[in-house]
Amino acid sequence: MAVPALPEWDGDVAAARALQVTLAQQVSLQDELPAPLRYLAGFDVGFEDEGATTRAAAVVLDADTLQPLESQVARIPTRMPYIPGLLSFRELPALLAALDRLERQPDLVFVDGHGIAHPRGLGIAAHFGVATGLPSIGVAKKVLAGQHEPPGPTPGDRSPLRYRGRVIGTVLRSKARCLPLIVSPGHKVSMETAVAQVLRCLRGYRLPEPTRLADRLASRRDTK
DNA sequence: GCGACAG
DNA sequence: ATCTTGTCGC
């Protein structure tokens, strides 16, 4: 039987970039978090079938104990290739599918990737926030845009990430002798709150619990 | 024109 | 991201 043609990406890089500029204007860097934070969530993506399938993982944790309460995995056919700067167009659909499967709606979301620390201010965490209206924070392992001085060696030490004269992120040492993380606001969160929340979620590992747990679910070669 | 470039 | 075992260092 014929395989139904999958809706694919039109390859219009310029149009995608233009859309990012528009969406970036909708990003809010003002704190708009719910009164008592109850549920935190971590999101990450992995691939199967040599990249043909995109697998997104979502984990909801108790905001106070950081204990995982629920987790979901969503799989969808991969639509477009990885293009630096356009990551969200490739991975966001899967992340939204995983979000739909959650029973509890998170109060604050942590996404593996950048928030506003992006050439056009719309990394995947920011795009996720604007698309869902949920407060979000980006936690990346490498710099995409901007420059910075190396942060001190002690956990908690930080250094501003600057791009075109603006501070777009915070290079944070989350664990001794480990490469620092790049933290940036996604949506409805300030730079200060983004860093404070990541610090509050550290439990001895380089990655904060929400992202660490989602990471584990998204890239396990044996998730069935 | 040359290099950089999240996951 | 992904292909992959052992190995160096704290």
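Order of the sequence lines fixes the chain letters, A, B, ..., with proteins taken first and strands second; residue numbering starts at 1 for each chain. Since we're looking at a predicted model, the values are computed, not measured.
Across the interface with DNA chain C, nearest-nucleotide mapping of A/R177 and A/D215 shows A/D215 to be the residue nearer the 5′ end.
Residues A/R101 and A/Q72 have side chains that never bring a donor and an acceptor to within less than 3.5 angstrom of each other. Using modelled atom types and a 3.5 Å distance limit, the side chains of A/D31 and A/S190 yield a donor-acceptor pair.
In this structure, the nucleotide among B/dG7, B/dC5, C/dT2 sitting nearest to the side chain of A/L87 is B/dG7.
Residue contacts for A/L122: at a heavy-atom cut-off of 4.0 Å it reaches no nucleic acid atom on any strand shown. At a threshold of 4.0 angstrom between heavy atoms, the contacts of A/F47 are confined to the sugar-phosphate backbone, with no base atom among them. Contacts of A/I124 with the nucleic acid, taken as non-hydrogen atoms under 4.0 Å apart, include base atoms. Counting non-hydrogen atoms under 4.0 angstrom, A/G46 reaches the backbone sugars and phosphates but no base. If you check every strand for non-hydrogen atoms under 4.0 Å, A/G138 touches nothing.
For the pair A/R17 CZ and B/dA6 P, the interatomic distance rounds to 14 Å; values are reported in whole Å. In this structure, CD of A/E91 is placed 9 Å from P of C/dA1, rounded to the nearest angstrom. Taking atom NZ on A/K142 and atom P on C/dA1, their separation rounds to 7 Å, with Å as the unit. Rounded to an integer number of Å, the gap from A/Y163 OH to B/dC5 P is 13 Å. For the pair A/E50 CD and C/dT4 P, the computed distance is 10 Å after rounding to whole Å. Put simply, CG on A/L161 is 17 Å from P on B/dA4, counting in whole angstrom units. The separation between A/L207 atom CG and B/dA6 atom C1' is 14 Å, rounded to whole Å. Distance, A/L92 CG to B/dA6 P: 18 Å, rounded to whole Å.
Using a 4.5 Å cut-off on side-chain heavy atoms (C-beta onward), A/C178 and A/Y205 make no contact.
Using bins of under 30°, 30° to 60° and over 60° for the plane-to-plane angle, the ring pair A/F89/A/H127 lands in the perpendicular bin.
Expressed to the nearest 0.5 Å, how far CZ of A/F43 lies from OG1 of A/T211 amounts to 10.5 Å.
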